[in-house]
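All of these numbers come straight from a predicted model, not from anything done at the bench.
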Amino acid sequence: MPTIQHEIRINAPIHICFDLARNVEAHVRSTARTKERAVGGVTSGLLKADDTVTWEAFHFGIRQRLTTRITEMNPPSEFIDVMVKGAFQSFTHHHKFFRNGEGTVMKDTFQYKSPLGLAGKIADRLFLEKYMRNFIVTRACELKRMAEQNLSG
């Protein structure tokens with residue numbers, strides 16, 4: 001089961017980073033390249049414990065839908081979302097936030113299991129794990145930009 005970990009330092013208070021990471025509209029902005037949008041469940045505002053959201057996006061040129069549930073919420077230090085329906089066999093995305101001086105360290109741990117058994121494991125090695133890492137990193141960089149821009153103007 002591949003595990004992707006990524007940390008980024010953000011020059012913004014922890015509560016701003018935490019709220020941006022669970023904000024539906026910020027999620028849509030941070031995933032613009034895949035044309036992601038919320039189409040079911042909570043479709044705007046801040047996600048909270050037990051909320052579900054269905055995302056629609058284009059990955060590999062194919063429109064896909066994925067539903068996640070917020071299974072844990074400990075403001076402003078962490079939350080976990082878990083796939084309940086979608087293309088993966090399973091995934092868990094743990095979002096953690098740590099104060100770091102005047103700023104925040106945001107740490108993503110994304111663990112997933114591909115469908116299709118051996119074919120899924122081959123896809124992981126050939127391209128899927130790299131694709132998912134890039135998706136997590138790109139989203140984190142965009143959240144950093146939004147948080148820091150929020151403070152400067």
Side-chain angles (χ1 to χ4, degrees), residues 2-88 90-112 114 123-124 127-153:
T3 300
I4 297 167
Q5 294 187 327
H6 179 259
E7 284 188 17
I8 192 166
R9 183 164 191 323
I10 303 172
N11 295 317
I14 193 169
H15 69 278
I16 289 174
C17 299
F18 182 82
D19 284 350
L20 274 172
R22 65 190 182 106
N23 181 290
V24 173
E25 291 86 0
H27 183 95
V28 169
R29 285 194 309 269
S30 71
T31 58
R33 70 180 180 84
T34 59
K35 300 178 183 150
E36 199 149 329
R37 62 190 185 110
V39 296
V42 177
T43 58
S44 64
L46 299 177
L47 296 168
K48 58 187 183 312
D50 294 322
D51 281 351
T52 61
V53 59
T54 299
W55 302 103
E56 183 178 88
F58 286 87
H59 297 282
F60 307 109
I62 300 166
R63 183 183 356 208
Q64 299 181 33
R65 285 196 175 191
L66 176 101
T67 302
T68 60
R69 176 180 304 282
I70 305 296
T71 59
E72 289 187 41
M73 179 75 62
N74 300 303
S77 60
E78 67 182 329
F79 69 95
I80 298 173
D81 60 287
V82 175
M83 186 195 80
V84 294
K85 185 177 179 185
F88 291 97
S90 65
F91 84 58
T92 301
H93 189 172
H94 194 166
H95 310 257
K96 287 187 127 184
F97 304 84
F98 305 93
R99 285 185 175 87
N100 184 315
E102 297 293 313
T104 302
V105 172
M106 182 175 76
K107 180 178 181 179
D108 288 291
T109 303
F110 182 78
Q111 193 170 43
Y112 70 95
S114 295
D124 287 339
F127 63 89
L128 187 57
E129 187 172 354
K130 181 178 179 183
Y131 180 87
M132 292 310 302
R133 177 174 305 283
N134 187 50
F135 183 84
I136 296 293
V137 170
T138 299
R139 181 170 185 274
C141 290
E142 185 59 20
L143 289 175
K144 171 184 172 75
R145 188 194 65 73
M146 285 187 266
E148 292 175 352
Q149 184 178 24
N150 186 37
L151 294 177
S152 66

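A distance of 11.5 Å separates CZ of F18 from OG1 of T104, quoted to the nearest 0.5 Å. Taking CZ of F97 as the start and CG of D108 as the end, the distance is 7.0 Å to the nearest 0.5 Å. For the atom pair NE2 (H15) and CZ (R99), the distance works out to 9.5 Å, reported to the nearest 0.5 Å. A distance of 11.5 Å separates CD1 in I14 from CE in M106, rounded to the nearest 0.5 Å.
A 4.5 Å side-chain heavy-atom check between T68 and V53 finds at least one atom pair inside the cut-off. At a threshold of 4.5 Å between non-hydrogen side-chain atoms, the residues H59 and L66 do not count as touching. With contacts defined as side-chain heavy-atom distances shorter than 4.5 Å, the pair K130/R133 does not qualify. R22 places none of its side-chain heavy atoms less than 4.5 Å from the side chain of D81.
Aromatic ring orientation, F135 versus Y131: parallel (interplanar angle below 30°, classes split at 30° and 60°). Between F79 and H95, the ring planes are parallel. Angles under 30° get that label, and only those over 60° would be called perpendicular.
One N or O on the side chain of E148 and one on the backbone of N11 form a donor-acceptor pair closer than 3.5 Å. In this structure a side-chain-to-backbone donor-acceptor pair under 3.5 Å is missing from Q5 to F110. Between the side chain of S30 and the main chain of R139, no donor-acceptor pair closer than 3.5 Å is present. Using a distance-only test at 3.5 Å, with no hydrogens or angles considered, a donor-acceptor pair links the side chain of R9 to the main chain of N100.
The side-chain hydrogen bond (donor to acceptor under 3.5 Å, both in side chains) test applied to T31 returns no partner, not counting sequence neighbours. When the side-chain hydrogen bond (donor to acceptor under 3.5 Å, both in side chains) test is applied to T109, no partner is found at least two apart in sequence or on another chain. For H6, there are no side-chain hydrogen bond (donor to acceptor under 3.5 Å, both in side chains) partners two or more places apart in sequence or in a different chain.
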I would like to know whether L143 and C17 meet side chain to side chain contact (heavy atoms under 4.5 Å, CB included); could you show each step before the answer? CA-CA 8 Å; L143 289 175; C17 299; over 6 Å; no
